[in-house]
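Structure first, commentary second.
Throughout, residue positions are numbered sequentially from 1 according to the sequence presented.
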Amino acid sequence: MYLQKLFNSHTLSFFSLAILFVVVHGWLFFKYQSWLVLGFDTGFYRRYLLEPLTSIPHASVPGLDHTVIIPRVFIDVFRLTGLSTDVVLYGSYILAIIILLISFYFFVKEIFTKKIAYLATILLILSPVYFHAFWFFLFKNFLALSLFFWLLISIRRKSWWLIIFLSLAIPVTHQSTTVIAGVIVFVYAVILFWRKENFWLPLGSWFILTSIYLIYHPTVSAKLSAPPVAVFIDWSNFIQMIWPLLVLVLAGFWATKDRFFDKNDLISWSLVVILFLAFSLPYHERVFLFAIFPLAILGAVILSRLNLVKILIVLFLFLFFWIYSIQTYSPYFSSAEVRSLQTLESLNKNDNVITPNFMAPWVHGYTVAKVFAPGVFKDPYSPIDWELYWSHNEPSYDRAFLNAFPQPLYFYIPKGQEYFLPEQVCVNKINDALYLYICNKNDYE
């Protein structure tokens with residue numbers, strides 16, 4: 001009885017949730033004593049912070065273009081503290097994650113109970129898929145998802161003004177979340193129409209979301225003809241990361257299905273996720289993140305039916321699985337490589353840098369110079385052009401190819417990628433990774 005009262009104590013619940021939050025999101029920083037421990041998208045946001053703060057939001061950069069308004073404002077407001085670039089970068093990101101988890105908690109609480117909301121939040125935090133998304137630095141994703149949870153709450157509460165505001169805000173936060181959110185609220189409206197309930201609120205939200213998206217992204221037909229490919233996880237990775245939660249859900253689904261199937265918004269969310277993943281629709285790789293939320297909610301509904309001892313046993317098993325799943329994560333770069341990246345800060349806006357595409361966000365995050373890489377940042381060259389250059393069969397082609405880039409031109413080439421470099425007489429080595437192209441030097445002196 002005492003343990004049950006302790007479990008139901010809001011203070012204890014949120015204190016334990018706060019400890020879990022710090023452990024999950026902080027262990028990489030504590031272990032490696034470095035800022036550079038997170039993944040691919042980090043450099044895009046760091047590059048934005050290299051620009052002087054002249055307005056809110058200030059100038060857009062690749063990865064944070066003119067359509068990404070709310071994340072830029074969010075980061076700029078954090079910059080007003082005057083803290084260092086990396087503190088602002090990671091501090092604003094952690095704050096965005098806190099907002100996401102709070103939004104998720106209140107969404108679940110809106111449709112179930114505080115206990116289920118608390119358990120669902122724990123299951124979400126302990127999901128290796130969620131950690132992978134955190135490691136990828138999905139800043140825009142997390143902010144847009146936070147807004148989407150509040151949009152669904154607003155539809156439930158029939159709050160027209162909040163629906164309008166949030167439907168306007170999501171498209172200027174994150175593009176792919178807008179697309180998926182739009183499909184979810186449209187399916188939501190169809191289900192309500194089929195059940196002869198008021199469908200005008202989600203239908204109105206869908207109309208606003210779609211209209212604003214098309215205004216900011218008029219070339220949607222081109223995107224459909226050449227669908228984007230998202231880097232995240234695939235089916236095999238997803239199953240490896242999620243199987244304990246799937247076991248829990250499958251074990252208790254039949255007993256709890258009635259509590260799930262009368263939630264029209266959750267049904268809509270789940271149907272859209274299944275649709276995207278089953279048919280490998282554009283950007284389906286990132287939809288694996290969307291799949292975590294209904295699974296965490298359903299798992300929490302099942303857990304809530306158990307007594308306290310069984311709940312704690314299950315949660316400890318999930319914690320051990322989380323530890324097993326994330327132990328292989330490590331920083332991309334050694335201390336020496338970090339120091340090499342920092343030398344890029346000496347370049348200015350007149351300079352230009354060629355780098356491999358997997359390095360592009362990181363190079364982008366340490367210099368105000370213009371960054372070129374195969375297949376990213378609206379690269380004007382085809383894969384065939386790059387392959388001809390990489391073959392180095394004709395020095396005259398190599399020089400013509402490189403001379404077409406704006407000058408002065410640098411290369412930032414990590415070890416093992418030396419095929420990016422032209423003949424040795426055309427470069428001056430500055431450090432282990434940075435080179436200056438000199439065969440066109442007279443053109444810009």
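Inspection of the Ser236 and Asp234 side chains reveals an N or O donor paired with an N or O acceptor under 3.5 Å. Side-chain contact annotation: Tyr329 with His132, donor-acceptor N/O pair under 3.5 Å present. In summary, the side chains of Asp265 and Ser268 do not present any donor paired with an acceptor at a separation below 3.5 Å, with no hydrogens or angles considered. Using modelled atom types, one finds a donor on one side chain and an acceptor on the other under 3.5 Å when comparing Tyr412 with Ser340.
Looking at Leu17 and Ile122, their side chains come closer than 4.5 Å, going by heavy atoms from C-beta outward. By the 4.5 Å heavy-atom criterion applied to side chains, Leu100 and Asn141 are not counted as neighbours. Side-chain contact between Phe288 and Asn237: absent, with no pair of heavy atoms (C-beta onward) separated by less than 4.5 Å. Contact annotation: the side chain of Lys140 approaches that of Leu64 to within less than 4.5 Å [non-hydrogen atoms, C-beta and beyond]. Within the 4.5 Å cutoff, the side chain of Phe74 has heavy atoms near those of the Leu95 side chain. A 4.5 Å side-chain heavy-atom check between Phe30 and Val23 finds every atom pair outside the cut-off. Proximity of Trp27 to Phe131: side-chain heavy atoms (C-beta onward) are separated by under 4.5 Å at one or more points. Contact annotation: the side chain of Leu53 approaches that of Leu80 to within less than 4.5 Å [non-hydrogen atoms, C-beta and beyond].
A salt bridge links Glu51 with Lys349: at least one charged nitrogen is closer than 4.0 Å to a carboxylate oxygen.
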Ring pair (Phe, Tyr, Trp, His ring centres under 6.0 Å) for Phe29 and Tyr90? Distances and angles first, verdict last.
CA-CA 11 Å; Phe29 296 101; Tyr90 294 100; 5.3 Å; yes
Tyr45 vs Tyr93, test: ring pair (Phe, Tyr, Trp, His ring centres under 6.0 Å). Steps then yes/no.
CA-CA 10 Å; Tyr45 298 92; Tyr93 184 45; 7.6 Å; no
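Formation of a donor-acceptor pair under 3.5 Å by the Asp351 side chain with backbone atoms of Tyr410 is not found in this model. Arg47 places a side-chain N or O within donor-acceptor distance of the main-chain N or O of Thr367, the cut-off being under 3.5 Å. One N or O on the side chain of Tyr48 and one on the backbone of His58 form a donor-acceptor pair closer than 3.5 Å. A donor-acceptor pair under 3.5 Å links the side-chain atoms of Asn198 to the main chain of Trp200, judged by distance alone. Judged by distance alone, with hydrogens and angles left aside, the side-chain atoms of Ser167 form no donor-acceptor pair with the main-chain N or O of Ile164 at under 3.5 Å. Remark: the backbone N or O of Phe139 is not paired with any side-chain donor or acceptor of His174 at under 3.5 angstrom. Put simply, the side chain of Arg72 never gets that close to the backbone of Ile56: no donor and acceptor are under 3.5 Å apart. Looking at Ser154, its side chain never comes within 3.5 Å of a backbone N or O of Ser159 through a donor-acceptor pair. In terms of modelled atom types and a separation under 3.5 Å, the side chain of Trp206 and the main chain of Ile184 share no donor-acceptor contact.
In this pair, Phe293 and Phe149 present their aromatic rings perpendicular. The plane angle is above 60°, beyond the 30 to 60° band. Using cut-offs of 30° and 60° for the angle between ring planes, the Phe134 and His25 rings count as perpendicular. Using cut-offs of 30° and 60° for the angle between ring planes, the Trp269 and Phe290 rings count as tilted.
When every heavy atom of Tyr32 is checked against every heavy atom of Ser330, the shortest pair comes out as OH-CB, 3.4 Å. Across Val353 and Phe411, no two heavy atoms sit closer than the pair CG1-C, 4.4 Å. Minimum interatomic distance between Leu143 and Ala96 (heavy atoms only, all atoms of both residues): CD2-CB, 3.9 Å. What you find for Val249 and Gly299 is that their closest heavy atoms are CG2-N, 4.0 Å. Heavy-atom minimum distance, Lys109 versus Ala117: N-CB, 3.6 Å. What you find for Ser60 and Asp65 is that their closest heavy atoms are CB-C, 3.4 Å.
Remark: Lys263 is positioned above the aromatic ring of Phe112, its terminal NZ or CZ atom under 6.0 angstrom from the ring centre and at most 45 degrees off the axis.
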